[in-house]
Amino acid sequence: MPDQINSTEITPTEQAEYTSSCDTIEYGFNQESWLEGYDMYYKMYRRRRTIAFVVLFLVLALLFVQQVVMDPSYGVGWTCLAICLAVAVVYALSPWYERKNVIKALPAIENDRYVMKIYPNKITIRTIIPSDDSQYLEPDESGNLKPYPEIPETVIDLSDKTLKTAETDKMFAVYTKYTQSIIPKSDLSEEELLVLRERVVK
């Protein structure tokens with residue numbers, strides 16, 4: 001009689017819970033650094049598009065100039081010429097106008113702080129609003145100041161193809177096409193700056 005072979009059922013071990021390691025950097029707001037970072041964001045992502053639209057509408061304006069010179073009574077040509085010139089001027093002045101509005105809005109965030117967490121595959125940024133900063137709160141029907149609405153956490157995918165970084169003497173910045181995170185160097189230690197360079201710079 002053949003020997004019996006006792007088999008033991010082998011069950012797979014439970015998968016260990018994976019916890020992403022992250023580096024945490026806390027920083028505040030500095031208007032000079034922020035504006036420098038904002039200007040750089042505009043140059044990286046939007047200036048070329050603005051120039052392209054200005055050139056396009058100026059070329060169209062020149063075509064209508066040719067039409068009205070040949071036929072000064074061509075009313076539609078004059079109208080289209082005026083529209084093209086107006087649109088070109090709007091696009092040309094929009095960066096200046098937008099920057100002016102940004103400067104007006106900056107005092108509202110001058111006391112905010114930010115917590116950036118750098119994971120292997122993403123960055124998260126959370127805004128910390130000071131509890132004693134109430135000058136920008138609106139009163140409710142009873143006259144009591146309403147609390148700030150919670151600001152959604154910003155999540156930046158490190159594999160985002162539009163992600164870029166920039167560094168100057170005063171700031172370090174992380175950009176995507178739709179987000180900008182500007183970190184004043186005055187709030188960074190050498191170790192934190194090294195972490196940003198090694199883990200974020202593309």
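In this chain, residues are counted from 1 in sequence order.
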Contact summary for R197 and F172, nearest pair of heavy atoms: CG-CE1, 4.3 Å
L194 reachable from M116 in the ILVMFWY side-chain graph, under 4.5 Å edges: no
Interatomic spacing from CE in M40 to CE in M44 - rounded to 0.5 Å: 6.0 Å
Heavy-atom pair with the smallest gap, counting every atom of E110 and P107: CG-O, 3.2 Å
Point-to-point distance, once rounded to the nearest 0.5 Å, from OH of Y114 to OG1 of T124: 14.5 Å
Pairwise distance OH(Y27) to CD1(I128) - rounded to 0.5 angstrom: 10.5 Å
I156 with V115, same ILVMFWY side-chain cluster at under 4.5 Å: no
Residues which pass ring-ring contact (aromatic ring centres under 6.0 Å, His included) with F53, listed by chain and number, not counting sequence neighbours: Y91
Pairwise side-chain contact, L106 with L35, heavy-atom cut-off 4.5 Å (strictly under): yes
Where I125 and I123 come nearest, the two heavy atoms and their spacing: CG1-CG2, 4.1 Å
Atom pair CG/CZ of L158 and R199 - distance to nearest 0.5 Å: 8.0 Å
ILVMFWY cluster, I51 and V90 together (side-chain gap under 4.5 Å): no
D187 side chain near I183 side chain, heavy-atom distance below 4.5 Å: no
Smallest separation among heavy atoms of G37 and Y175, with atom names: O-OH, 2.6 Å
Joint cluster assignment, V155 & L163, ILVMFWY side-chain distance < 4.5 Å: no
R99/D39 ion pair, N-O < 4.0 Å: yes
Transitive ILVMFWY side-chain link V54 to I83, under 4.5 Å: yes
Distance-only polar pair, side chains of Y38 and E98, donor-acceptor under 3.5 Å: yes
Minimum-distance pair of heavy atoms, taken over all atoms of F29 and P184: C-CG, 4.4 Å
Separation between CG of L196 and CG of L188, rounded to the nearest 0.5 Å: 6.0 Å
Backbone of I118 reached by a side-chain donor or acceptor of D23 within 3.5 Å: no
NZ or CZ of K164 within 45° of Y45 ring axis and under 6.0 Å: yes
Side-chain ion pair, R113 and E26, N-O less than 4.0 Å: yes
Check: S189 main-chain N/O paired with E192 side-chain donor or acceptor under 3.5 Å: yes
Identify every side-chain donor-acceptor pair in residues 55-72 under 3.5 Å, counting partners at least two apart or on other chains, and give the distances.
unit_1, atom_1, unit_2, atom_2, d
D71, OD1, S73, N, 3.3
D71, OD1, S73, OG, 2.6

Main-chain N/O of V201 paired to T165 side chain as donor or acceptor, under 3.5 Å: no
For D157 against N121, the heavy-atom pair lying closest together: OD1-O, 3.3 Å
Distance in Å, M171 CE paired with E36 CD, rounded so as to fall on 0.5 Å steps: 4.5 Å
Stepwise side chain to side chain donor-acceptor pair (under 3.5 Å) test for Y42 and T50: CA-CA 10 Å; Y42 174 78; T50 300; 3.2 Å; yes
Other residues, nucleotides, ligands: >12 heavy atoms within 6.0 Å of K117 NZ: no
Within 45° cone of Y119 ring axis and under 6.0 Å: K122 NZ or CZ: yes
Within 6.0 angstrom of E32 CD, more than 12 heavy atoms from elsewhere: no
